[in-house]
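Mind having a look at this structure? Questions to follow.
Nothing here was measured: the structure is a model prediction, and the numbers come from that model. Every chain is numbered from 1, with letters handed out A, B, ... down the list of sequences.
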Amino acid sequence: MSAPQTGEAASPLQICRIMRPDDANVAGNVHGGNILKMIEEAGCIVGTRHCNTQNGDRCLAALVRVEKTEFLSPVFIGEVTHVTAEITHTSKHSLEVQVKVMAENILTGAKKLANKAALWYVPCSLQNVDKIMEVPPIKYASAEQEEEGRKRYEAQKMERLETKARPEEMMPSPPNPEKHTVGFSQSSLIHLVGPSDCTLHDYVHGGVTMKLMDEVAGIVAARHCNTNIVTASVDAINFHRKIKKGCVVTVTGRLTFVSNKSMEIEVLVDASSVVEAEKGKYRAVSAFFTFISLDKDNKPLPVPALKVEGEDEQRRFDEGKVRYLQNKEKRLSDKMRGQ
Amino acid sequence: MSAPQTGEAASPLQICRIMRPDDANVAGNVHGGNILKMIEEAGCIVGTRHCNTQNGDRCLAALVRVEKTEFLSPVFIGEVTHVTAEITHTSKHSLEVQVKVMAENILTGAKKLANKAALWYVPCSLQNVDKIMEVPPIKYASAEQEEEGRKRYEAQKMERLETKARPEEMMPSPPNPEKHTVGFSQSSLIHLVGPSDCTLHDYVHGGVTMKLMDEVAGIVAARHCNTNIVTASVDAINFHRKIKKGCVVTVTGRLTFVSNKSMEIEVLVDASSVVEAEKGKYRAVSAFFTFISLDKDNKPLPVPALKVEGEDEQRRFDEGKVRYLQNKEKRLSDKMRGQ
Amino acid sequence: MSAPQTGEAASPLQICRIMRPDDANVAGNVHGGNILKMIEEAGCIVGTRHCNTQNGDRCLAALVRVEKTEFLSPVFIGEVTHVTAEITHTSKHSLEVQVKVMAENILTGAKKLANKAALWYVPCSLQNVDKIMEVPPIKYASAEQEEEGRKRYEAQKMERLETKARPEEMMPSPPNPEKHTVGFSQSSLIHLVGPSDCTLHDYVHGGVTMKLMDEVAGIVAARHCNTNIVTASVDAINFHRKIKKGCVVTVTGRLTFVSNKSMEIEVLVDASSVVEAEKGKYRAVSAFFTFISLDKDNKPLPVPALKVEGEDEQRRFDEGKVRYLQNKEKRLSDKMRGQ
């Protein structure tokens with residue numbers, strides 16, 4: 001069991017798919033949510049394949065965390081997206097998958113980097129979904145590589161311990177909200193979890209949930225600025241609780257912060273079983289999405305200011321501003337370090 | 001132009017398709033909304049084909065009304081549904097399509113009648129969607145047949161004039177509603193209209209809207225009784241306003257009336273353009289869906305009573321009871337007349 | 001058992017469906033893969049229905065072979081495709097279904113023949129998927145018809161015995177291939193088999209596999225010539241091994257031969273279980289697709305020559321040329337015989 005993995009199981013995996021009209025909005029931009037769904041599908045396959053190279057129960061790699069990710073270039077209908085997924089770290093009970101998304105214009109041959117992401121999975125037994133299996137170790141190219149992976153592992157473990165599911169309820173919007181207030185653009189959708197949302201066991205794939213979250217966040221952003229909007233980035237997401245087939249999920253989004261050229265939207269995902277309603281609703285996931293508004297040439301447009309009302313909205317606005325400034329600073333320092 | 005159509009143009013059309021897991025709920029019952037969508041697709045094809053057998057602008061048959069329809073037998077995954085659509089009446093600017101849905105178990109050969117429906121279409125020019133074209137007349141088998149069709153035409157015209165879009169707003173549910181109240185099961189979803197929702201022009205097919213309505217009504221019903229629920233019938237639906245590509249539709253459902261073994265759910269569909277928000281929301285469609293609750297052998301189960309709160313809910317409950325009793329009486333008299 | 005079938009069970013079946021934006025490429029041409037999927041769905045329904053008209057285990061008609069088929073006219077978004085399937089021959093353990101695809105423009109009324117295909121099915125027991133059931137015989141219109149069917153049966157049986165799954169591995173492309181080489185356009189996709197890919201049992205429908213194959217072949221063709229490309233024909237396909245739910249399929253395509261106006265692409269389908277990786281990958285299907293390149297008026301364009309590198313590519317090119325010349329000759333002789 002402790003022998004280093006070699007060969008196929010730990011080798012990178014490539015998914016590619018042509019982008020269709022339904023993957024995109026009216027302006028032809030592929031929804032960020034569809035990219036996230038492909039990323040997660042690749043991660044799930046490579047992770048599940050790796051964890052089943054050992055003896056013991058068959059298992060499925062379940063998504064527990066996605067690190068902050070940025071959408072670096074827009075992807076359009078007719079382009080082919082290539083998603084490459086590779087296992088980059090393993091601990092006793094979890095593994096990290098790094099994923100890169102390239103978009104290729106097959107008519108001109110032009111390629112661009114659309115996204116880079118890192119996902120954490122844990123192997124759940126298919127016999128008993130609450131049993132976490134052990135992860136076979138991978139072989140590292142160097143001791144440095146192993147050490148860096150271990151640091152990422154410790155950092156995300158710390159963060160997951162600190163972050164609990166936000167207990168905060170999202171209040172229904174007032175009946176006739178004023179334009180550009182939080183209540184005006186707040187939106188929510190419900191989705192009945194069907195067989196296609198789940199593949200190998202009866203639980204929703206993390207990628208399906210992220211796609212729904214992006215959809216709601218996009219509607220919130222479009223309602224606020226009435227233009228073509230696209231996902232710019234998503235903050236780290238922790239998947240607190242699994243969502244089962246037959247559940248109704250309620251996905252609600254509201255603006256928390258608006259800068260000159262971006263909107264931060266908080267998205268909450270609540271699940272409840274329709275047949276076991278006595279178990280009540282529970283918070284399954286929450287995350288912050290950042291959207292930008294684009295003109296016809298895909299250049300960023302200014303965003304209308306947010307009309308903040310009441311203490312709670314002000315507090316969330318201030319917290320959002322802190323995140324915005326931290327991200328901005330990080331981008332600058334990454335740039336200076338030549339990344 | 002006034003010559004009666006004969007032969008192929010007015011001949012019946014058959015659609016058939018195998019039912020997949022994605023068409024059904026967790027218990028294997030195909031969603032009524034998918035049956036409604038297939039019915040409307042067949043009606044749209046046969047109507048559009050007929051209206052284009054004349055000179056003048058090319059046109060698309062747009063759905064304006066569906067008569068009350070009942071789901072006579074449940075349909076299951078793996079069965080093949082056969083949808084037959086036939087033009088049964090034409091007026092100067094509208095046509096009636098009658099549709100029959102048979103479900104065939106291809107393993108046993110058993111067939112059953114799943115649904116019968118009547119739909120009214122008007123031909124809209126593809127050059128100018130607000131221009132209503134003329135409908136080429138069909139040839140009737142007998143003078144009686146023509147006369148009966150004319151009566152149905154007059155009856156539905158009267159009803160469409162009388163029924164206006166319900167101006168009533170649906171209020172958000174209170175934060176912590178008690179079980180079995182209207183607020184407890186009230187649900188709503190939002191959907192961004194994509195290219196696949198529209199085919200030949202930029203407006204949503206009526207069948208797509210009905211599928212979304214059935215989905216919300218089903219979630220409301222499941223939340224009320226926490227069992228396997230299926231669509232039993234849908235009252236006549238008038239399509240007041242068209243919904244364009246790029247719109248966000250909000251579909252909201254709430255219980256209005258509950259009898260011993262059935263639930264009536266009012267569903268409202270509002271649309272608004274995300275890029276032209278100043279035009280505001282408008283009521284596009286509204287309808288009443290009736291659901292029943294089933295046990296494991298597909299036998300009807302008793303439904304928990306509805307806790308009615310306030311004058312508005314009581315008024316809607318009383319109105320629902322009148323519809324329920326009228327439908328019951330009609331079913332009895334149809335039975336006695338041997339239909 | 002030897003009583004000739006009469007009436008409904010062996011009667012032709014018609015499927016029809018309006019073509020949506022998602023069925024087509026950016027230029028509006030419906031993908032050949034979607035036509036193949038509809039063809040196979042019709043064949044599976046008519047075959048399964050027929051094989052269950054006898055006593056014994058319930059069974060499903062499983063696709064084992066599709067004869068060479070040509071795409072005679074392009075199909076566009078908004079057109080209605082009519083797929084007619086009829087059982088034309090039965091042997092003890094297999095049956096032949098002939099399928100015709102008409103595309104109808106419902107605005108102009110124009111109809112055209114889009115495809116004609118012949119498929120071979122064997123009935124697999126639903127209780128035990130490895131048990132092949134007997135096929136009830138059909139009634140032939142004439143002794144000649146029966147005799148011709150028997151010849152087609154013998155010919156395909158011989159070919160299926162001769163053809164083994166191609167053991168050849170597809171090598172990964174070199175890192176920076178030169179334009180118009182085989183390595184430059186070689187492409188592969190992976191797909192995790194979900195519940196909707198399978199209907200009545202846990203194995204993938206042949207039509208789903210063919211759609212994936214067409215998708216990959218289309219990407220290869222587009223990369224080679226950077227224009228609007230469409231499927232022109234598909235050589236006979238043998239389905240060697242079944243693919244189960246929960247498998248990952250890898251579909252890889254590479255150019256083998258390029259003539260003045262057409263490209264031949266070899267497509268290999270390998271399957272492996274993600275949870276039982278120790279069982280390894282197996283070759284499930286392989287086939288040759290021919291694509292042509294079209295200008296804006298749907299007229300064929302010249303195709304860039306293929307830069308062949310190494311002995312293996314040259315051998316495959318020569319083999320492809322032989323197939324190309326044989327097909328050309330056959331088309332000519334069919335034309336002269338007035339087919």
Report task. Measure Asp22(C) against the heavy atoms of chain A and call it side chain, backbone, both or neither at under 4.5 Å. Result ->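 For Asp22(C), backbone and side chain are both near chain A.
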Query raised in the report: Do Leu113(A) and Met102(A) come within less than 4.5 Å of each other through their side chains, counting heavy atoms only?
Result: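 A side-chain contact exists here, since the closest heavy-atom pair is under 4.5 Å.
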Report summary line: His50(A) and Pro136(A) have their tightest heavy-atom pair at NE2-O, 2.6 Å
Query - Contact origin within Leu126(A) toward chain C - heavy atom pairs under 4.5 Å - result: side chain
Query raised in the report: With under 30° as parallel and over 60° as perpendicular, where do the rings of Trp120(A) and His89(A) fit, or are they tilted in between?
Result: perpendicular
Query - Part of Pro195(C) within contact of chain A (heavy atom distance under 4.5 Å) - result: side chain
Requested in this report: Go through the atoms of Cys51(A) and report whether side chain, backbone, both or neither lie under 4.5 Å from a heavy atom of chain C.
Outcome: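 Neither; nothing under 4.5 Å.
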**Report entry** Contacting moiety of Thr250(C), where chain A heavy atoms sit under 4.5 Å
**Finding:**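 Interface part for Thr250(C): neither.
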Requested in this report: Decide whether Glu104(A) and His82(A) meet the rule of one side-chain donor and one side-chain acceptor closer than 3.5 Å.
Outcome: yes
Query - Side chain, backbone, both or neither of Val193(C) within contact of chain A (heavy atoms, under 4.5 Å) - result: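 The backbone, not the side chain.
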Query raised in the report: At their closest point, which heavy atom of Thr252(C) faces which heavy atom of Val216(C), and how far apart are they?
Result: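 For Thr252(C) and Val216(C), the tightest heavy-atom pair comes out as C-CG1, 3.9 Å.
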Query raised in the report: In terms of heavy-atom pairs under 4.5 Å with chain A, which of Asn25(C), Leu192(C), Val248(C) leads?
Result: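 Most heavy-atom pairs under 4.5 Å with chain A: Leu192(C).
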Requested in this report: Measure Cys44(A) against the heavy atoms of chain C and call it side chain, backbone, both or neither at under 4.5 Å.
Outcome: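 Nothing of Cys44(A), per the 4.5 Å heavy-atom cut-off to chain C.
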**Report entry** Heavy-atom check, side chain of Asp295(C) versus side chain of Thr227(C), under 4.5 Å
**Finding:**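 A side-chain contact under 4.5 Å is absent here.
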Query raised in the report: What option among Asp23(A), Ile15(A), Leu13(A) has the most heavy-atom pairs under 4.5 Å with chain C?
Result: Ile15(A)
Query raised in the report: Do the side chains of Leu36(A) and Phe71(A) get nearer than 4.5 Å, heavy atoms only?
Result: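 The answer is yes; the side chains approach within 4.5 Å.
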Query raised in the report: Side chain, backbone, both or neither: which part of Ser188(C) has an atom under 4.5 Å from a heavy atom of chain A?
Result: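 Backbone of Ser188(C) only, per the 4.5 Å heavy-atom cut-off to chain A.
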